[in-house]
Amino acid sequence: MKNKKTAKIITGVLIFLAVCIIAGFVVGDIFGKKAEKSETFGIAMGTVVSTKLFSYGDASSQCNDINKLIGELENEISWREENSAVSLLNKNSSVACDEKLKDIFDKASEVSALSSGAFDITVGKLTTLWNIGEENARVPSDKEIKEALKYVDYSGVKTENGKISLKKGQFVDLGAVGKGLACDRVREYLKNTDVKGAVISVGGSVLLYGNAERKKPWTVAVRDPRGESGDYMGVLTLQECCISTSGDYERILEKDGKTYHHIIDPKTGYPSDSGLISVTVVSDSGFLSDALSTACFVLGEEEGKKLLEKYNAEGVFIKNDLSVSVTNGLSDKFSITSDKYTVSGE
Ligand code: ADP
Ligand code: MG
């Protein structure tokens with residue numbers, strides 16, 4: 001357990017480095033005055049949280065606040081936390097909710113409907129059967145998968161009268177949106193501080209914050225899904241936004257010569273096989289960038305792009321032949337930096 005956790009954390013640090021090698025060196029001359037950088041690393045949501053704040057004074061207490069608020073969010077929404085709202089919901093098929101929690105579930109239902117169920121938070125019965133990335137990961141039998149599939153249906157989730165409820169036996173897993181939600185919560189917090197700019201990465205979800213006093217856009221690396229943990233295959237140049245990546249390399253199980261990854265197609269019960277190996281989504285909302293990257297990964301490029309249009313979001317799609325395609329809004333904001341990859345259709 002310990003070794004796996006450590007390996008995961010090291011991988012997380014390297015992914016973070018892929019994001020920040022580039023974001024880091026532009027710091028000196030981006031603000032009107034020379035900004036100070038405050039930086040921390042924490043562990044939450046099973047990954048590394050890296051917090052980089054730029055301000056005209058020490059912002060280490062704000063770094064600590066951010067780590068604390070992400071921990072609090074995890075305690076509220078992780079099914080792994082025994083007393084979280086989601087654990088109580090899974091246990092009792094019903095839980096009292098405040099407006100914020102209701103909003104998470106309502107937005108999740110909308111993404112489910114618009115993605116024809118490719119994104120579905122009731123996938124928990126399946127994800128806990130496979131347990132990919134955990135010590136007890138295994139390939140379930142077809143029979144077990146069929147049985148679990150009976151409980152995977154987003155329309156069973158209701159938010160009414162101050163309560164969230166599920167159909168009996170359903171199990172909610174917010175793993176596809178937790179890190180993006182953390183980015184949203186951090187941005188809300190930062191708005192009430194003197195922090196002028198920030199790069200927060202929670203595993204594969206990143207918040208770029210602070211346009212007002214920053215002279216240049218941020219530059220962010222997109223991880224090479226077929227490289228080592230620190231390798232990247234392209235760069236995005238972006239203003240304040242959230243970015244999330246879903247990839248088939250993030251958590252895997254190798255068994256009898258086959259590799260299984262952690263994003264499940266709710267229609268089949270097996271790891272999705274849409275021809276994509278990585279999808280990066282850019283959106284104003286962290287929740288949406290995270291939910292949509294998972295949804296697009298399952299849907300595949302064509303349907304994924306249609307879904308992004310509905311949300312005014314942009315994306316980078318990497319296929320298993322290592323060809324890359326981006327949505328129109330990113331055509332002048334993304335460039336490939338690794339010769340392993342080609343532009344799709346060229
Ligand atoms: P990561 O969490 O590795 O950054 P994602 O955001 O794509 O990647 O989320 C994957 C996680 O979401 C899985 O570990 C699982 O908890 C959950 N999940 C898997 N498949 C789906 C799906 N089709 N819809 C919603 N959640 C999913
Ligand atoms: Mg996601």
Side-chain angles (χ1 to χ4, degrees), residues 8 11-12 15-16 19 44-49 74 77-80 86 90 104-105 107-134 137 145 148-149 151-154 157 170-184 201-206 223 225 229 242-253 260-274 276-283 285-300 303-304 307-308 311 313 315:
K8 250 197 232 164
T11 311
I15 295 165
F16 152 71
V19 171
M45 300 187 169
T47 191
V48 174
V49 178
E74 182 177 14
I77 65 164
S78 170
W79 63 264
R80 290 181 174 84
V86 169
N90 287 336
I104 295 171
F105 279 76
K107 282 196 301 202
S109 291
E110 188 190 83
V111 177
S112 294
L114 293 179
S115 67
S116 311
F119 169 88
D120 189 332
I121 56 171
T122 65
V123 78
K125 260 286 186 316
L126 287 163
T127 53
T128 52
L129 190 59
W130 285 88
N131 276 314
I132 293 183
E134 304 293 329
I145 287 178
L149 276 169
Y151 300 95
V152 180
D153 173 11
Y154 65 89
V157 183
Q170 287 195 307
F171 194 98
V172 163
D173 173 359
L174 293 179
V177 293
K179 298 171 189 110
L181 268 171
C183 292
D184 287 335
S201 85
V202 188
S205 290
V206 178
R223 154 120 189 225
S229 321
C242 295
I243 309 143
S244 291
T245 298
S246 291
D248 70 352
Y249 52 85
E250 196 75 51
R251 290 166 178 230
I252 55 164
L253 164 67
Y260 301 88
H261 63 78
H262 70 314
I263 302 175
I264 306 291
D265 184 340
K267 297 229 163 18
T268 64
Y270 285 83
S272 80
D273 185 18
S274 66
L276 295 171
I277 58 174
S278 160
V279 182
T280 296
V281 172
V282 179
S283 161
S285 149
F287 175 92
L288 284 176
S289 68
D290 205 354
L292 294 174
S293 69
T294 308
C296 288
F297 191 90
V298 175
L299 282 173
E303 291 305 311
L307 177 66
L308 294 189
Y311 279 103

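Source: prediction; values computed, not measured. As the structure lists them, so they are numbered: ligands from 1, and atoms in each ligand from 1.
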side-chain hydrogen bond (donor to acceptor under 3.5 Å, both in side chains) between Ser293 and Ser246, intermediate numbers included: CA-CA 6 Å; Ser293 69; Ser246 291; 2.8 Å; yes
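In this structure, Phe105 has no ring pair (Phe, Tyr, Trp, His ring centres under 6.0 Å) partners at least two apart in sequence or on a different chain. Applying the side chain to side chain contact (heavy atoms under 4.5 Å, CB included) criterion to Asp184, with sequence neighbours excluded, gives Arg187, Cys242, Ser285, Phe287.
Under the 4.0 Å criterion applied to side-chain N and carboxylate O atoms, Arg251 and Glu134 are assigned as salt-bridge partners.
Annotation: the span from Asp153 atom CG to Ser112 atom OG amounts to 9.5 Å, rounded to 0.5 Å. Expressed to the nearest 0.5 Å, how far OG of Ser229 lies from CZ of Arg223 amounts to 5.0 Å. Taken from CZ in Phe297 to NE2 in His262, the straight-line distance is 8.0 Å, to the nearest 0.5 Å. For the atom pair Asp173 CG and Arg80 CZ, the distance stands at 7.0 Å (nearest 0.5 Å).
Given atom 23 (N) of ligand 1, the protein heavy atom at minimum distance is Ile264 O, 2.8 Å. Looking only at heavy atoms of the protein, atom 8 (O) of ligand 1 is closest to His262 NE2, 3.5 Å. The nearest heavy-atom contact from the protein to atom 5 (P) of ligand 1 is Thr294 OG1, 3.3 Å. Distance from atom 25 (C) of ligand 1 to its nearest protein heavy atom, with residue and atom name: Asp120 O, 3.3 Å. Atom 9 (O) of ligand 1 has its closest protein heavy atom at Ala176 CA, 3.3 Å. At the shortest separation from atom 2 (O) of ligand 1 among protein heavy atoms lies Lys179 NZ, 2.8 Å.
Annotation: salt bridge (charged side-chain N to carboxylate O under 4.0 Å, His left out) contacts involving residues 120-130, sequence neighbours excluded, are absent.
Of the listed residues (Ile264, Ile145, Asp265, Leu126), just one forms a side chain to side chain contact (heavy atoms under 4.5 Å, CB included) with Tyr270, and that residue is Ile145.
Contact atoms of ligand 1 toward Ala118: 22 (C), 23 (N), 24 (N) (distance under 4.0 Å to a heavy atom of the residue). Close contacts of ligand 1 with Asp290, meaning ligand atoms under 4.0 Å from a residue heavy atom, involve 6 (O). Close approach to Val123 involves these atoms of ligand 1, each under 4.0 Å from a residue heavy atom: 18 (N), 21 (C), 26 (N), 27 (C). For ligand 1, the atoms lying closer than 4.0 Å to a non-hydrogen atom of Pro266 are 23 (N). Interface atoms of ligand 1 facing Ser246, defined by a heavy-atom separation under 4.0 Å, are 5 (P), 6 (O), 7 (O). Near Thr127, meaning under 4.0 Å from any of its heavy atoms, are these atoms of ligand 1: 15 (C), 19 (C). Counting the atoms of ligand 1 from 1 in the order shown, those under 4.0 Å from a heavy atom of Asp173 are 15 (C), 16 (O), 17 (C).
Residues Ser244 and Ser205 have side chains that bring a donor and an acceptor to within less than 3.5 angstrom of each other.
Ring geometry for Trp130 versus Tyr260: interplanar angle of 30 to 60°, hence tilted.
Annotation: protein N, O or S atoms under 2.8 Å of the Mg ion (ligand 2) (waters excluded) comprise Ala176 O, Asp290 O, Asp290 OD1, Thr294 OG1.
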